Structures are given as C-alpha cells and as structure tokens.
Amino acid sequence: AADVERALELGADGVGLLRTEFLFLDRSSLPSEDEQARTLEEIARGLAGRPLIVRTLDAGADKPLPGMATEREDNPFLGRRGIRLSLAEPDLFDAQLRAILRVAARHPLKVMFPMVSGLGEVEAAFAALQRARADTGIDEPLEVGIMVEVPAAALLAERLARLIDFFSIGTNDLAQYTMAAERGNERVAPLLAGPHPAVLRLVRETAAAAEAHDRWVGVCGELAGDPAAALLLVGLGVRELSVAPALIPAVKAALREVTIDDASAAARRALAASSAEEARQAAAALL
Ligand code: PEP
Ligand code: MG
C-alpha cells in the first residue's frame with residue numbers, strides 16, 4: 001500500500017501486477033483469508049477506483065513457502081511453481097481466491113494466474129474460482145486473465161484466448177524459458193538482454209490471438225520498462241504496460257514520441273532482426 005502513492009505521483013493509471021508472494025514469504029505461517037483481504041483492500045483503496053491486477057500466488061521451487069512443507073526439486077524453475085502449486089494446494093488457493101473476490105465486490109480488481117502452460121490448468125483455476133464464488137456468495141463480475149510466461153502458453157494463445165478476458169505477458173520468465181537461460185545467472189545474462197526477436201515473435205503470437213478474440217494484452221515483465229522495447233511491444237499490439245514506478249515517466253515520454261503506425265513498422269523490422277540489439281535499434285531510431 002505504501003508504494004501506491006508514489007506510483008500515482010509518477011503517473012500510474014493503476015497497478016498491472018500485484019505480486020501476492022509478498023504476503024507469504026519471510027514468515028513461518030500462511031496468511032489467513034482475512035489478512036489477505038485486508039491487505040488487498042488497503043491497496044485497492046489507495047488506488048481510488050483505478051484498476052488493480054492481482055496475481056495469485058507465484059511461489060514454489062525457487063520461492064519456497066516457509067509456512068508449507070515442499071519437496072526439494074532438482075530444477076525448481078521447471079518444477080511445481082505458480083499455478084501448478086496453487087492447484088496442488090486447493091485450501092491455500094481457495095482462501096486466496098475468496099479474499100480476492102471479497103475485495104473485488106467493492107473495488108475494480110482483476111485476477112490473473114501465473115505460469116500457465118495449458119488449457120487444463122486454466123479450466124481447473126476457473127473451477128476453483130467457481131468454488132470460491134459459491135463459498136462467498138459473491139457474483140460480481142471479475143475479469144480473469146492469465147500470464148504468458150511459458151512458451152507453450154504463447155503458442156496456444158489462440159485456444160487460451162477463448163477462456164480468458166486478458167493476457168499479461170511476463171517477459172522475465174518468457175525470455176528465460178524461450179532462451180533456456182536462467183534469470184538470476186549472470187553468466188548467461190547477455191542471452192536475456194533486450195527485446196530478443198524470438199521473444200517478440202511469441203508476443204506477436206499472443207497479441208494476434210488476443211485481437212482475434214477481442215481480448216486485450218498487457219506486458220508486466222521488465223521489458224515493458226525499457227522505453228525502446230515498450231515501443232516495440234505497443235507496435236505488436238500490446239495495450240497495457242506494467243513497469244516499476246520509477247520507470248513510468250520515461251516509458252510514457254517515449255510512447256508519446258510515436259504513432260501506433262510508426263511503432264508497428266518498427267515492430268515489423270524488429271521481428272526480422274537477427275539479435276536483440278538489432279531489434280532495439282529498430283525502435284531506438286524513432287526516439
Ligand atoms: C515475469 O516473469 O515477467 C513476471 C512479471 O513475473 P515475475 O517477475 O514475478 O516472475
Ligand atoms: Mg514470472
């Protein structure tokens with residue numbers, strides 16, 4: 001809640017990614033449904049009617065929950081994380097969804113699920129949301145989205161789009177899994193630097209599927225906070241960007257320099273580029 005004021009001062013129109021992990025980490029017990037609802041309510045109040053996109057818990061593996069026993073995994077980034085963990089722990093997931101629904105009854109919340117890799121997960125998450133609606137008796141409309149962070153989700157976007165209201169592309173993980181380069185490993189960091197054409201092609205795939213089904217697409221990975229890359233994302237059809245508060249002014253300033261047509265032309269050049277650096281040049285030339 002303390003960050004909301006600063007984000008608004010810097011020009012935010014809402015919150016595009018609330019990482020709810022912060023409620024679960026660094027403590028030995030899980031937060032209750034009431035505590036979760038209170039915290040979400042406080043953040044939503046600070047936003048005074050602006051949208052708040054709540055991401056369900058993205059813990060597991062490299063972000064283990066101290067309040068829950070989890071088995072060791074050899075490759076935690078490829079393990080039971082995000083929606084996989086939530087679906088394996090229905091009590092935890094249902095409590096979080098009930099808390100979200102309670103606040104969504106009074107504020108413009110949206111919810112999204114992390115690390116989706118296929119339709120079955122989305123259907124199971126919707127079933128959980130239905131249970132939470134039945135338990136709380138809350139039936140106010142709630143926009144439901146999924147994060148596109150796994151290449152499979154981008155490649156299946158045309159099918160997934162029918163089930164959901166929006167996509168939010170998590171370029172941090174999408175780049176990691178596309179380039180097979182771990183986010184935190186400095187030795188492979190150059191593989192993840194900048195708007196790589198392989199990642200941009202998955203963004204294009206996602207945006208085209210969304211457009212065909214009249215859904216909207218946002219980007220909430222760090223790529224959105226890089227002004228030249230943001231321009232390429234918009235050129236590919238992305239219409240919502242979620243960035244760290246300090247980066248909002250620079251991204252807005254860059255976008256105001258160009259028309260959508262200019263951005264689309266730059267994006268087409270970037271898709272044909274042979275490296276992230278060359279792709280970035282396509283946009284930087286406009287700024
Ligand atoms: C992402 O993967 O791009 C993302 C926004 O999620 P996180 O950084 O929390 O994994
Ligand atoms: Mg992620």
Side-chain angles (χ1 to χ4, degrees), residues 3 7 12 14-26 43 51-65 73 75-87 96 110-118 121-122 125 145-155 157 160 164 166-185 188-189 191-196 198-207 216-226 229-230 232-233 236 238-248 251 276:
D3 293 341
V15 167
L17 168 63
L18 180 71
R19 290 180 166 100
T20 54
E21 299 82 84
F22 79 94
L23 276 161
F24 291 77
L25 305 174
D26 302 323
I43 295 168
L52 166 59
I53 305 182
V54 180
R55 174 175 81 183
T56 61
L57 186 63
D58 185 25
D62 64 311
K63 285 184 270 186
L65 294 181
E73 297 175 299
N75 291 295
F77 280 105
L78 304 179
R80 186 179 264 185
R81 54 170 299 203
I83 191 69
R84 302 169 185 181
L85 179 74
S86 291
L87 293 176
Q96 182 168 44
K110 308 180 203 300
V111 66
M112 66 181 179
F113 306 116
M115 286 295 296
V116 167
S117 60
E121 288 164 346
V122 180
I146 59 169
M147 291 189 70
V148 176
E149 311 182 87
V150 178
L155 296 168
L160 290 164
I164 49 91
F166 66 93
F167 291 120
S168 184
I169 303 176
T171 52
N172 307 334
D173 277 313
L174 187 60
Q176 157 170 266
Y177 295 123
T178 303
M179 303 303 293
E182 193 183 319
R183 290 164 69 163
N185 184 340
V188 293
L191 287 167
L192 300 178
H196 196 286
V199 176
L200 295 179
R201 284 169 187 240
L202 293 174
V203 173
R204 176 188 58 180
E205 201 72 27
T206 307
W216 60 269
V217 188
V219 169
C220 64
E222 275 165 36
L223 205 55
D226 165 345
L232 297 176
L233 296 171
L236 292 170
V238 170
R239 290 293 176 269
E240 185 254 12
L241 299 169
S242 175
V243 309
L247 303 173
I248 297 170
V251 172

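Ligands are counted one by one from 1 in listed order, and the atoms in each one are counted from 1 as well. Quick caveat: nothing in here was measured; it's all calculated off a predicted structure. Side chains are part of it too, since the values below use all heavy atoms of this structure and drop only hydrogens, waters and symmetry mates.
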Suppose I only count heavy atoms of L17 and a 4.0 Å limit; which atoms of ligand 1 are within that range?
5 (C)
Within 2.8 Å of the Mg ion (ligand 2), is there any N, O or S atom belonging to D173?
yes
State if M147 counts as touching ligand 1 under the rule of any non-hydrogen atom under 4.0 Å.
yes
What protein heavy atom is closest to atom 9 (O) of ligand 1, reported as residue, atom name and distance in Å?
R19 NE, 2.7 Å
Proximal ligand 1 atoms for D173, defined as those under 4.0 Å from one of its heavy atoms:
1 (C), 2 (O), 3 (O), 10 (O)
Is the side chain of T20 donor-acceptor paired with the backbone N or O of R55 at a distance under 3.5 Å, no angle test?
yes
of all protein heavy atoms, closest to atom 6 (O) of ligand 1 is R55 NH1, 2.9 Å
The side chain to side chain donor-acceptor pair (under 3.5 Å) partner of Q176 among D173, N172, T178 is D173
So, does Y177 use its side chain to make a donor-acceptor pair with the main chain of F77 at under 3.5 Å?
yes
If you count every heavy atom of other residues, nucleotides or ligands that lies below 6.0 Å from E222 atom CD, does the total exceed 12?
no
If we ignore hydrogens and angles and just use 3.5 Å, is the side chain of E21 paired with the main-chain N or O of A59 as donor and acceptor?
no
With respect to E149, determine whether any N or O atom, backbone or side chain, lies less than 3.5 Å from an N or O atom of ligand 1.
yes
Using modelled atom types and a 3.5 Å cut-off, is there a donor and acceptor pairing between side-chain atoms of Q96 and backbone atoms of L57?
yes
Indicate yes or no for a side-chain donor-acceptor contact from E205 to the backbone of A157 under 3.5 Å, with no hydrogens or angles considered.
no
Does a salt bridge link D58 with R19, judged by any charged N lying under 4.0 Å from a carboxylate O?
no
Atoms of ligand 1 less than 4.0 Å from R183 heavy atoms?
2 (O), 7 (P), 8 (O), 10 (O)
As an exercise, identify every atom of ligand 1 less than 4.0 angstrom from a heavy atom of C220.
5 (C)
Which atom of E149 is nearest the Mg ion (ligand 2), counting N, O or S only? It is OE1
Flag T171 as yes when one of its N or O atoms lies below 3.5 Å from any N or O atom of ligand 1, and as no otherwise.
yes
